[in-house]
2 protein chains.
Amino acid sequence: MAHKTISDEEMMTRALELFRTYGFHGVSLKQLADSMGLEKASLYYRFPGGKDEIALAMVRAVDSIIREHVFKPLYAAGTSPRRRVQLACEQLREFYAGGKKSCTLDVMSIPGASEEVRAVLRETLQGWLDAFTTVAREGGLTATHARIRAEEAIVRIEGALVISRVLGENACFERTLKQLPDFLTVA
Amino acid sequence: MAHKTISDEEMMTRALELFRTYGFHGVSLKQLADSMGLEKASLYYRFPGGKDEIALAMVRAVDSIIREHVFKPLYAAGTSPRRRVQLACEQLREFYAGGKKSCTLDVMSIPGASEEVRAVLRETLQGWLDAFTTVAREGGLTATHARIRAEEAIVRIEGALVISRVLGENACFERTLKQLPDFLTVA
DNA sequence: GTCTATAAAGAGATAGAC
DNA sequence: GTCTATCTCTTTATAGAC
């Protein structure tokens, strides 16, 4: 058993950077292998299902990362709802590199990836809606209102990322993030 | 000179439907040719630059269509600003098929298409910002405020389209459109 | 203006050596 | 576990007949 030259985690990081930038169709196995310092055939040892399986593992990894770094802080007791949203926003700012990097919910939902990939995207989005809704409720909003604000908050983040990508600047994304704490917790 | 079996306009319609659904990388010349009822080689007669040129012609066509159907009504004198936004929203609802179809600003801005394509996308977005800003000013908002609302209105539309694509439903998009007339014209 | 045919490169995928 | 080599299919693109 020869040792791995690259960890599973590092592989997912490289795959994420490629897929979030170019989308599922825009990334080839050769690009993935090159970015990981491996040959294509080596990828098939780890991922017998090829590109589909790599993409699926990647969106699952993103789901775990986001749940840990963004959703979890939103449920943390002992901190005010508004402060929790602030902390989540800091994590989002980092994940999206201040608006310079795209969201996998956006690029990976374009048809091409497997139905399993799309199912994971829906689960991630659902978890995000739940987390935002919960913190908004604890911030004092009614159940109905909290849910609507949660959805609109995510709408704004996703939209700002699209606009930032088109314009090649991130002022829009930063402005959006700044509004979030009040938007989610002030009726 | 044999007659064309498909008009230029019809070609752009077919290209638009493919590109907005699968993105630049996700569409092949064979798919484009099939959708137009032509052979690949015939496409090279009309578009010597291949897929890049077809994509460029497509985003230019979309720019024209949107300027005519969405931006122009926003500048129409003799109608109240709020009513003008309502009319524009009806056109947007049709163009995006009630939220079921993606925006080319979103999918075509993913790297892969030429720099010229991205330049057209920026121009379209700029025209959109200008049109929304103008109508918001005429609705009574200050210059600064109008511009911010315009940007946020587009952010909401783009974000809602992404969420609708992920969830496979359009309630989010419809709710977003419904808010727009007031959002853009009421301080 | 559209076709058939084909070239040339790139894609995903597998076999087998080490 | 990673490699080289290869296979097959798809893709972009061109040549030339009609």
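Checking Val107(B), Leu161(B), Val162(B) one by one against Ser102(B), the side-chain contact (heavy atoms from CB on, under 4.5 Å) holds for a single residue, Val107(B).
Judged purely by atom type and a 3.5 angstrom limit, Arg84(A) uses its side chain to pair as donor or acceptor with the backbone of Thr79(A).
With rounding to whole Å, Phe47(A) atom CZ is found 16 Å from dT14(C) atom P. The interatomic distance linking Arg46(A) (CZ) with dA13(C) (C1') rounds to 18 Å, in whole Å. Atom NE2 in His25(A) sits roughly 15 Å away from atom C1' in dG10(C) (whole-Å rounding). As a whole-Å value, the separation of Leu43(A) CG from dT14(C) P is 13 Å. Summarising the geometry, the separation between CZ on Phe24(A) and P on dG12(C) is reported as 8 Å, rounded to the nearest angstrom. With rounding to whole Å, Glu39(A) atom CD is found 15 Å from dT6(D) atom P.
Screening residues 85-99 of chain B for salt bridge (Lys or Arg N to Asp or Glu O under 4.0 Å), with sequence neighbours left out, gives Arg93(B)-Glu174(B).
In this structure, Ser42(A) reaches the dC3(D) phosphate: one of its side-chain N or O atoms is under 4.0 Å from OP1 or OP2. The side chain of Tyr45(B) places an N or O atom within less than 4.0 Å of a non-bridging phosphate oxygen (OP1 or OP2) of dG1(C). Between Thr5(B) and the phosphate of dT2(C), there is a side-chain N or O to OP1/OP2 separation shorter than 4.0 Å.
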* Check the pair Asp63(A) / Thr124(A) against side chain to side chain donor-acceptor pair (under 3.5 Å), numbers first and verdict last. => CA-CA 6 Å; Asp63(A) 185 83; Thr124(A) 304; 2.5 Å; yes
* Could you walk me through whether Thr134(B) and Glu138(B) pass the side chain to side chain contact (heavy atoms under 4.5 Å, CB included) test, one step at a time? => CA-CA 6 Å; Thr134(B) 299; Glu138(B) 294 176 2; 3.6 Å; yes
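Atom CZ of Phe71(B) sits in a crowded spot, with more than 12 heavy atoms from other residues, nucleotides or ligands closer than 6.0 Å.
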* Structure fact -> With B for base contact, S for sugar-phosphate-only contact and - for none (protein heavy atoms under 4.0 Å), nucleotides 11-18 of chain D reads SBBBB---
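Taking the salt bridge (Lys or Arg N to Asp or Glu O under 4.0 Å) definition, one finds that Arg137(A) meets it with nothing, sequence neighbours left out. Here Arg149(B) pairs with nothing under the salt bridge (Lys or Arg N to Asp or Glu O under 4.0 Å) rule; sequence neighbours left out.
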Give every donor-acceptor pair under 3.5 Å between a side-chain atom in residues 48-57 of chain A and any protein atom, sequence neighbours left out.
unit_1: Lys51(A); atom_1: NZ; unit_2: Phe24(A); atom_2: O; d: 3.0
unit_1: Lys51(A); atom_1: NZ; unit_2: Val27(A); atom_2: O; d: 2.7
unit_1: Glu53(A); atom_1: OE1; unit_2: Gly49(A); atom_2: N; d: 2.5

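DNA chain D forms stems at C:1-18 with D:1-18, each a run of 3 or more consecutive Watson-Crick or G-U wobble pairs whose two key distances fall under 3.5 Å.
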